[in-house]
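The structure under discussion appears below in the form of structure tokens.
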Amino acid sequence: MDRALPRKNQSFRLSVDLIERLRLLAKRQNRSLNNYVETLLLDAVYSEPNEATIAAMQEAKSGALRDTTPLDLSSVEAMERSMGL
């Protein structure tokens, strides 16, 4: 049986526009605002690449893996564009 992680209430001051955008994105995924924001924060905090991944990313950025331009790894969308997708 899974045990619930301890939780603590915390207040943040965010712009109204940002809150509304987050609500919209959460609704699209049929999730609560709290769950959506918590997931975003967990991804940001715990998704640091290891040394092998960093080396592979640097190799991809350099263009050594391709005969054309280097990959743009600034975002998923930018990477797809640089791959011609």
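Keep in mind it's a predicted model, so treat the numbers as computed, not measured.
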**Q.** Value rounded to 0.5 Å, distance of CG in L18 from CZ in R13
**A.** 13.5 Å

Q: Please report the C-alpha distance between E38 and R7 in whole Å, then the side-chain angles of each, then the deciding distance to 0.1 Å, and finally whether the salt bridge (Lys or Arg N to Asp or Glu O under 4.0 Å) criterion is met.
A: CA-CA 11 Å; E38 183 176 22; R7 306 249 186 237; 2.5 Å; yes

(Q) Using side-chain contact (heavy atoms from CB on, under 4.5 Å), reason through N50 and I54 one step at a time and then give a plain yes or no. (A) CA-CA 6 Å; N50 61 25; I54 291 170; over 6 Å; no

Q | Within 6.0 Å of CD in Q29, more than 12 heavy atoms from elsewhere | A | yes

In terms of hydrophobic clusters joined by side-chain contacts under 4.5 Å, are [X] and [Y] together?
X	Y	value
V16	L22	no
L25	F12	yes
L41	I19	yes

Q: Would you name the heavy atoms of S32 and A26 that are closest together and state the gap between them?
A: O-CB, 3.8 Å

**Q.** Fellow cluster residues of L24, listed by chain then number, with links counted only when side-chain atoms sit under 4.5 Å apart
**A.** none

Q.
Test question: given the 4.5 Å side-chain rule for I, L, V, M, F, W and Y, name all other residues clustered with Y46, or answer none.
A. L42, V45

Q.
Walk me through whether T39 and R31 qualify under side-chain contact (heavy atoms from CB on, under 4.5 Å).
A. CA-CA 10 Å; T39 302; R31 299 164 78 175; 2.5 Å; yes

(Q) Is a donor from one side chain sitting under 3.5 angstrom from an acceptor on the other, for S74 and D72? (A) yes

